[in-house]
Undergrad: 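Let me begin by handing over the structure; questions about it come next.
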Amino acid sequence: MGVRLKRSIFVATIKTMETAIRVRFAPSPTGPLHVGGVRTALFNYLFAKKHNGVFVLRIEDTDQNRCVDGAEGYIADALSWCGIPFDEGPGKNGGYGPYKQSKRRAIYEKHLKILLDKGLAYYAFDAHEDLDRERKNHEAKGKTFIYNWHNRSRGRLVNSLVLSKDEVQKRIDSGLPYVVRFLTPKDTVIHLSDMVRGEIEIDSNTLDDKILFKSDGMPTYHLANVVDDHLMKISHVIRGEEWLPSLALHQLLYTAFGWKAPKFAHLPLILKPSGKGKLSKRDGDKLGFPVFPIAWNSGESYTAGYRESGYFPDAVINFLAFLGWNPGTEKEFFKLDELVESFDLKQVNKAGARFDPEKILWFNRHYLQNKTNTVLAERMIAENEILKPVDSKYIALVVGLVKERANLSSDLWGLCHYFFEAPKTYNEKGLKKAWKAESEGLMSDLSAALDRFNDKSSETLRSEFSQWIEEQGVGFGKVMMPLRLALVGALEGADVFDIIHCIGKAEAIFRIKALIDKA
Ligand code: GLU
């Protein structure tokens, strides 16, 4: 009994240690989430699940001017379509909310005051024009203006470091606009540690005194992000490389508050298909591939995402996982649970990851080919209104006959529409090639004969046809080409006997007659 109890305490301790892993995805709702954002969310999700941790969604909407209607809902929908939903976030309280920064203003004000009281932040009253003039003056001398130790108390800048206490209070009370800046320490080497990049050293003299609180009464990203990561007990910050330059300031802020900083991992950039430069939303338009997981409807314009373009979430996820990570083996196909099992931040690369639209198509083909016909049929029904009244078993049967040639679910309709509707037109080249002087006679004889054929299976039809063609004493192609044209509308498509078996003899005869009338 005693031994058992000890064991359960041991297990419980391990569990508590494990539940201490908390990561967050912290997008700003400035528009739809693009694949780069989804990759960041995915790596956070994988890390959380691997360590029995919690995946938090935090909406960083302190810059109200840049917030876009619908973006927040889009982010949640996109994560859920990808199969990587958040555990805690807006609408899913885990005890660390609110999860929207615009609802946490009082928290930031309180923390800002702590820094002001400690003398680690200061008020700055400089007007835009004055700062612009400083910048220009510096530029004229070939220098860069930095608002820091070098300039802050030289007299040209107006802040609480140079003004008297009374003057500062007077300005604040009279409603003069001000910002609050961080007092970057001078002559300090900042030691940073990143799980992907290793150890980094930054000279504090190169940093500017970043604004922590804006004149609109809102905190900046830096203050809100650090305060929230601390209060939400985030253990690991996993984010894109573009945030690496902010790390020194964040580290200084943790020290200023006297807090232990989380561990950091900055993920490599996602590069354009050419490998040159960062992938942008515009590259998708230019090169014709989706950059959003699901469609984005801005009200003015509609942009299809991977979902609407015929991709499956497992393919998208598998592809994105390889943008900056690899398992160190030859294995390329990973379902989500296998990714969770194999994922390790140690195997995240430093080098930028090239976005290859061909590769995601290749992944999609693999996943599509491995889906059951029933699943593909469901997807086809969802994508094609015309199929809503059709028996899903019939659709599944048809899908099984054509899916081999599909890369995208949206390819399926084009590959099998003639199983559901008679051709409306005939391919001109096909008609020229297939329709000869004897075709009309042959096709009318065939439609009469077809009625008597045993259509129990494609095989019985095949042998009935072979026999009939032999009796006519004509070449196989002379019958099969116009027949295919009648059934499909072009000289392509599935096996003719499979088609007749599926659509039925009566429909086949109807289509043959329709071609005779038109040709
Ligand atoms: N709000 C930032 C973004 O939009 C978050 C960066 C971070 O994860 O710290 O990506």
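The chain is numbered in sequence order, starting from 1. Just follow the structure's listing: the first ligand is 1, and inside any ligand the first atom is 1.
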Undergrad: Establish, for the pair Lys92 and Phe86, whether the NZ or CZ atom is under 6.0 angstrom from the six-membered ring centre and no further than 45 degrees off its axis.
TA: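 Yes; both conditions hold, so Lys92 lies above the ring face of Phe86.
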Undergrad: Is the shortest distance from a Lys or Arg side-chain nitrogen in Lys170 or Asp173 to a carboxylate oxygen in the other one below 4.0 Å?
TA: no
Undergrad: If you count the non-hydrogen atoms of other residues, nucleotides and ligands that lie under 6.0 Å from NZ in Lys388, is the total more than 12?
TA: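 Count over threshold, so yes.
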Undergrad: Are Phe312 and Trp81 an aromatic pair, judged by ring center distance below 6.0 Å?
TA: no
Undergrad: Does ligand 1 have any N/O atom under 3.5 Å from a protein N/O, and what are those pairs and their distances?
TA:
from, atom 1, to, atom 2, distance (Å)
ligand 1, 1 (N), Ala26, O, 2.8
ligand 1, 1 (N), Ser28, OG, 3.1
ligand 1, 1 (N), Glu60, OE1, 2.6
ligand 1, 4 (O), Ser28, N, 3.3
ligand 1, 4 (O), Ser28, OG, 3.2
ligand 1, 8 (O), Arg24, NH1, 2.7
ligand 1, 8 (O), Arg24, NH2, 3.4
ligand 1, 9 (O), Arg24, NH2, 2.9
ligand 1, 9 (O), Tyr221, OH, 2.8
ligand 1, 9 (O), Asn225, ND2, 3.0
ligand 1, 9 (O), Arg239, NH1, 2.9
ligand 1, 10 (O), Trp243, NE1, 3.4

Undergrad: Kindly indicate whether a cation-pi arrangement holds for Arg181 with Tyr122, taking the cut-offs as under 6.0 Å to the six-membered ring centre and within 45° of the axis.
TA: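 Verdict for Tyr122: no cation-pi partner in Arg181.
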Undergrad: Check for me whether the distance between the ring centres of Phe319 and Tyr311 falls short of 6.0 Å.
TA: no
